[in-house]
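Okay, structure first, notes after.
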2 protein chains.
Amino acid sequence: MATRPSPRFSIIEVARKAGVSPATVSRAFNQPEIVHPDTLAHIRNVAKRAGFRPNRVGRSLRSGSTRTIGLILPTLSNPVFAECFEGAERRARESGYSVMLTATGYDPAVESAAVQGLMDHQVDGLILTVADVNKSATLDDLDSSGMPYVLVYNESSTHPFASVDNRAAASDMVAHLAALGHRRIALVTGPLTASDRARRRLMGARACAKKLGLETVQHIAMSSHTGSDADALKAALRGKQAPTALFCSNDLLATAVIADLVALGLSVPSDISVCGFDGMRFGALLTPPLTTVAQPSDGIGQTACSNLLAQIHGQPPQSNRLPHCIVVGGTAASVRR
Amino acid sequence: MATRPSPRFSIIEVARKAGVSPATVSRAFNQPEIVHPDTLAHIRNVAKRAGFRPNRVGRSLRSGSTRTIGLILPTLSNPVFAECFEGAERRARESGYSVMLTATGYDPAVESAAVQGLMDHQVDGLILTVADVNKSATLDDLDSSGMPYVLVYNESSTHPFASVDNRAAASDMVAHLAALGHRRIALVTGPLTASDRARRRLMGARACAKKLGLETVQHIAMSSHTGSDADALKAALRGKQAPTALFCSNDLLATAVIADLVALGLSVPSDISVCGFDGMRFGALLTPPLTTVAQPSDGIGQTACSNLLAQIHGQPPQSNRLPHCIVVGGTAASVRR
DNA sequence: TTGAAAGCGCTAACAT
DNA sequence: ATGTTAGCGCTTTCAA
């Protein structure tokens, strides 16, 4: 079991040892059905003995395909994105594709560099989430590059994506809150300028409120995407017109908001209702369990990957809106009379 | 903004357009300091105008380095591994390395295929977690391949790793429980045969119990790594000699166990104490917050990556034991008299 | 069914 | 400081 310096065989050595041409060895690995069974067995034997495995870099350069896709997500520490990755990676692996993954930490500079870097690596396609579909330099680059890609979580009429219908989902949650008797609802988000999803959710929430004759959904902006802002929260809760329900634009934010409310001496849901958006598994473990809008993140990843692979194989780009559902937990309750 | 079929330029075209040799263009990108400033500016200009970026596949083939590392982890849905990935990826990116990631779902076959696949891709090194360092076919392959690698979460005297000291960590937790008055403690794990970490934790727990004169730490094996087994649990809790504290070998398992206990009509911690191992962030959000042994997962990933890069650059392999700490939550309380 | 030859895009000797 | 040349490992015509 000595650690030899690994004199990595090439297809040429194998060909010589097997007494055939390099082309035949190549065929033995790529189109075994067209080489003579005896030759095939012999080559496989020699290759195995020598510990030979085709070098994918050589193959990629020659064939023009790396059989690798790139994934660019804000952070894997948000279980929503982690699940999305798992769905996509599994699907990719099943099709013989590998995945390069970059976490941007919501930094547009990292995001843009990641796209460039993955393109330099000649990935066959890209799955990514951008802050805002409508003004993303990254996305413009991508469009003009001809590289196949699919967005996840974003929605757009001009770019392929896999996502829930954020407007409808937010609307459904507002309807749920309204059914509980809430008439003053606020949507809590991170910086709106940095998230087209948050904007869509706000639109959906407002549309529903209007339809149901509720007061306009207020908007409370936090400075970070997943962290709460105790001061902003306190300010928003002052006065007679304070909202009775806080609809947070993601689950992580909801947990942070709940923690802040508790620190403020409020109790959820008896003093105020809170709900989230995402449906991360951990929400169910909280006490009370988090009321939220569940997105099928694994499915979003899987679908995006399927669509991307289809594109890579020449199909036209395609978008999918996956079904969401309201998870009734215990953080949103009937409003007190 | 037409989607041109992208007639990807090569270094040769750029060289011709710029009136220099391909080698000079290559130098302009790789060792800009040795080319004449005017030439450099001119080449950069031409390259930029043509939208040229060096093809990393060509470069990799020629140079023998892909500047890519492989990461193989059981699942990104466990926030512990997600954080580890983030630490490693960030560190890699800072050094100009990209990351290919595979989630094995604890399946040895996937694990082994992933190692092969990443080696086929000519990654420069590998970071991975294996079920059992002492009998891992995967690891044997790796050793004989000469590919640099660093284990994460595993510990070994013969393989480089980055991990906490699992024995000491488990011992510390047992000491903590003992200080709360517990004398009958059980360690709850998934299949022991499939996790050297669980085994080390059991050893550490037993050693500490012995030292402190407690009863031997019982072992309750669940059939899955992170799911609880209500029947096994019920059986273990029968009788006068039932444990007063359940030490779960990971946080996800701890949450599942707590849920089962609650379903059994027991209350944590007043009827029985429970604690976990990992220190996932969500533990702090539970009610009561999870008492656990925190591992610095981001740091483990970062350290592993640093050590791997050092190895890739010719340094000898190195192992690191990172510090753990006991997080006192509310799921473990003083034993009732 | 197999072989010969060219070349994917790039870099590293070696020359100048 | 720049150019010439060869070739990394593989696949893919084109021939046989």
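Residue numbering restarts at 1 for every chain, and letters A, B, ... go by the order of the sequence lines.
The phosphate of D:dC8 (OP1 or OP2) has no side-chain N or O of A:N55 nearer than 4.0 angstrom. Regarding contacts with the backbone of C:dG3, a side-chain N or O of A:T24 is found under 4.0 angstrom from either OP1 or OP2. A close approach under 4.0 Å does occur between a side-chain nitrogen or oxygen of A:R59 and OP1 or OP2 of D:dT11.
The residue among B:S63 and B:E33 whose nearest nucleotide of DNA chain D lies closer to the 5′ end is B:E33. A residue-by-residue look at A:I34 and A:L61 shows that A:I34 has its nearest nucleotide of DNA chain C further toward the 5' end.
Computed from coordinates, the A:D38 CG to C:dT1 P distance equals 12 Å when rounded to whole Å. The interatomic distance linking A:I12 (CD1) with C:dA4 (C1') rounds to 12 Å, in whole Å. What separates CZ of B:F9 from C1' of C:dC10 is a distance of 17 Å, to the nearest Å. Rounded to an integer number of Å, the gap from CD of B:Q122 to P of D:dC8 is 14 Å. Taking atom CG on B:N30 and atom C1' on C:dG9, their separation rounds to 12 Å, with Å as the unit. Between B:R16 atom CZ and C:dG9 atom P there is a gap of 13 Å when expressed in whole angstrom units. The separation between B:R62 atom CZ and D:dC10 atom P is 16 Å, rounded to whole Å. For the pair A:H42 NE2 and C:dT1 P, the interatomic distance rounds to 18 Å; values are reported in whole Å.
Residue contacts for B:V57: at a heavy-atom cut-off of 4.0 Å it reaches no nucleic acid atom on any strand shown. At a threshold of 4.0 angstrom between heavy atoms, the contacts of B:V25 with the nucleic acid are absent.
Comparing atom distances between the B:P54 side chain and each of D:dC10, C:dC10, D:dT2 picks out C:dC10 as nearest. The side chain of B:T39 approaches D:dA1 more closely than any other nucleotide in the set D:dT11, C:dT2, D:dA1. Of the candidates D:dG7, C:dA13, D:dG9, C:dA13 carries the atom nearest the B:R27 side chain, counting heavy atoms from C-beta on. For B:S21, counting side-chain heavy atoms from C-beta on, the closest listed nucleotide (D:dC10, D:dT4, C:dG9) is D:dT4. Closest to the side chain of A:H36, from the set C:dT1, C:dA5, C:dA6, is C:dT1. With D:dT12, C:dG3, D:dG3 as the candidates, the nucleotide lying closest to the side chain of B:A23 is D:dG3.
Classified by interplanar angle (parallel below 30°, tilted 30° to 60°, perpendicular above 60°), the ring pair B:F81/B:Y106 is perpendicular.
Between A:E89 and A:R93, at least one side-chain nitrogen of the basic residue sits less than 4.0 Å from a carboxylate oxygen of the acidic one, meeting the salt-bridge criterion.
For B:F85 and A:F85, the ring centers sit 6.0 Å or farther from each other.
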**Request:** List the steps, then state whether side chain to side chain donor-acceptor pair (under 3.5 Å) holds for A:N154 with A:D196.
**Result:** CA-CA 7 Å; A:N154 301 110; A:D196 52 9; 3.0 Å; yes
**Message:** Working note: B:T68 + B:H121, criterion side chain to side chain donor-acceptor pair (under 3.5 Å); need CA distance, chi angles, decisive distance, verdict.
**Reply:** CA-CA 9 Å; B:T68 298; B:H121 272 295; over 6 Å; no
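Residues B:T303 and B:S306 bring no donor and acceptor atom of their side chains to less than 3.5 Å of each other.
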